[in-house]
Amino acid sequence: MCKRIKNYKSLYGVNCILTSFGNIIRMVVPCISDSDIFFKGEGFRVQFIEGKTKDEYAYYFSHEFVSVVKRYMKNNEIQYSCQGLPNNKNELIYNLKKKIDNNTPIILFISTECLNYNLTYINNTKRIHAINIIGYNEKGFLISDSFVPTKKQKCYEGILSYEVLVNYWENELKDKQESIYIDIEINTIRKDKLIMSNDDKVKVLNKNIVHYYLKNQNESYYRALNHYIKSLFEINIENKDLIEEIEFLAYQMNVEGVIPARKLLFQYLIEINEENNLFNEALLCECENFIKEWRKKLLLMIKNGIKSDKEGFTSLANSIKELTRKETIFMKKIIDEKGEYYE
């Protein structure tokens with residue numbers, strides 16, 4: 001028999017940490033959406049890192065969803081702590097069980113190599129993935145994975161054995177100083193803090209567009225993305241390196257970057273529209289089309305990488321430049337639809 005926390009539902013989302021956190025919030029305030037969290041957490045901020053060493057370039061493009069969640073908690077006075085790996089693993093398992101006994105789920109960070117319930121995890125490069133611990137039995141922890149990266153959207157609930165978890169902690173994380181789970185104080189999640197009026201949602205959306213998309217931060221991000229794709233052949237001489245670089249960039253765009261951010265924007269426009277039809281149907285269709293266009297760019301990037309098509313990458317970079325130009329016009333349309341800028 002499995003001990004399980006109450007009032008928890010595994011709902012699917014577009015990013016693992018965002019939806020893992022959102023599913024915990026919805027235990028207390030069911031009406032809060034992932035888009036509420038994303039935009040209240042200033043999700044249109046982007047992180048672009050360029051590093052250059054003697055032998056290699058390193059580029060990192062992300063909406064930094066972990067930071068989004070942390071900003072949301074800070075803005076709403078939700079208390080939490082990020083916990084590292086203690087020396088005593090059995091004591092850690094005991095403490096996590098006590099959390100479950102107190103009806104408190106835990107956001108756990110774990111390598112996808114430990115998750116054998118989906119071929120995507122088994123066959124692809126290992127990544128760090130966020131899941132929730134929502135129960136336990138004599139064999140292991142009951143986990144909730146709200147972002148299984150399959151074509152058909154689905155969640156997973158099942159047992160992750162204590163043995164697999166301890167082996168991962170001892171072999172992969174030994175001597176590493178990094179957080180392995182987020183402990184959220186459920187009693188600090190307050191309904192009066194979290195629920196926003198439609199006017200507040202519009203202001204939050206407006207702030208994200210004006211301050212984090214239309215200003216220099218996002219402009220630099222997409223200019224860098226354009227430059228990076230053009231430069232892939234110069235950076236990676238050997239085809240193997242090129243494929244690895246493309247795989248990582250595709251992961252960033254599809255999981256941490258532009259595609260989930262556009263899905264959340266589309267969801268937020270629909271949510272705002274449910275109350276007062278602020279945005280017309282044509283604008284909503286345009287937003288949905290941008291998601292499709294970014295997916296096409298991603299697939300074309302992978303195709304060019306497989307074919308080692310240098311001219312294809314140059315053409316792709318130019319098409320991304322044009323897509324971002326159109327997208328900027330679209331973002332201004334959103335503001336025009338709802339009136340003045342929110343500064």
Which atoms form the tightest heavy-atom contact between Gly43 and Val68, and what is the distance?
-> CA-CG2, 3.7 Å

Got a second to check how far Lys191's NZ is from Cys31's SG, nearest 0.5 Å?
-> 6.5 Å

Value rounded to 0.5 Å, distance of CG in Asp101 from OH in Tyr136 = 3.5 Å

So do the side chains of Arg45 and Glu64 get within less than 4.5 Å of each other, counting heavy atoms only?
-> no

Return the minimal non-hydrogen interatomic distance between Tyr12 and Lys154, and the atom names on each side.
-> CD1-O, 3.0 Å

Does the side chain of Thr328 reach to within under 4.5 Å of the side chain of Leu214, using non-hydrogen atoms?
-> yes

Among Asn132, Asn15, Asn23, Asp34, side chain to side chain donor-acceptor pair (under 3.5 Å) partner for Ser146 | Asn23

Can you label the angle between the Tyr72 ring and the Phe21 ring as parallel, tilted or perpendicular, going by 30° and 60°?
-> perpendicular

Minimum side-chain heavy-atom gap Ile5-Met27 below 4.5 Å | yes

Between Phe141 and Ile131, is any pair of side-chain heavy atoms under 4.5 Å apart?
-> no

Is it the case that Asn118 and Thr120 place a side-chain donor and acceptor less than 3.5 Å from each other?
-> yes

Same cluster for Ile195 and Ile25 if Ile/Leu/Val/Met/Phe/Trp/Tyr side chains link at under 4.5 Å?
-> yes

Euclidean distance, Cys2 SG relative to Ile134 CD1, rounded to 0.5 Å = 8.0 Å

Please tabulate, for side-chain N and O atoms in residues 267-274, each donor-acceptor pair with protein atoms closer than 3.5 Å (sequence neighbours left out).
from   : atom 1 : to     : atom 2 : distance (Å)
Gln267 : NE2    : Ser35  : OG     : 3.4
Gln267 : NE2    : Glu271 : OE2    : 2.8
Tyr268 : OH     : Asp36  : OD1    : 3.4
Glu271 : OE1    : Ser33  : OG     : 3.0
Glu271 : OE2    : Ser33  : OG     : 3.0
Asn273 : OD1    : Leu278 : N      : 2.9
Asn273 : OD1    : Phe279 : N      : 2.7
Asn273 : ND2    : Phe279 : O      : 2.7

Residues Lys333, Glu286; criterion salt bridge (Lys or Arg N to Asp or Glu O under 4.0 Å); working and verdict | CA-CA 10 Å; Lys333 282 184 187 178; Glu286 194 173 356; 3.1 Å; yes

Taking 4.0 angstrom as the limit, do Glu327 and Arg262 come out as a salt bridge?
-> yes

What are the two closest non-hydrogen atoms of Asn103 and Lys6, and how far apart are they?
-> OD1-N, 2.5 Å

Close side-chain approach of Val14 to Ile259, heavy-atom, < 4.5 Å = no

To the nearest 0.5 Å, what is the distance between NZ (Lys40) and CG (Leu194)?
-> 7.0 Å

Who else is in Tyr94's hydrophobic cluster (ILVMFWY, side-chain heavy atoms under 4.5 Å, direct or via others)?
-> none

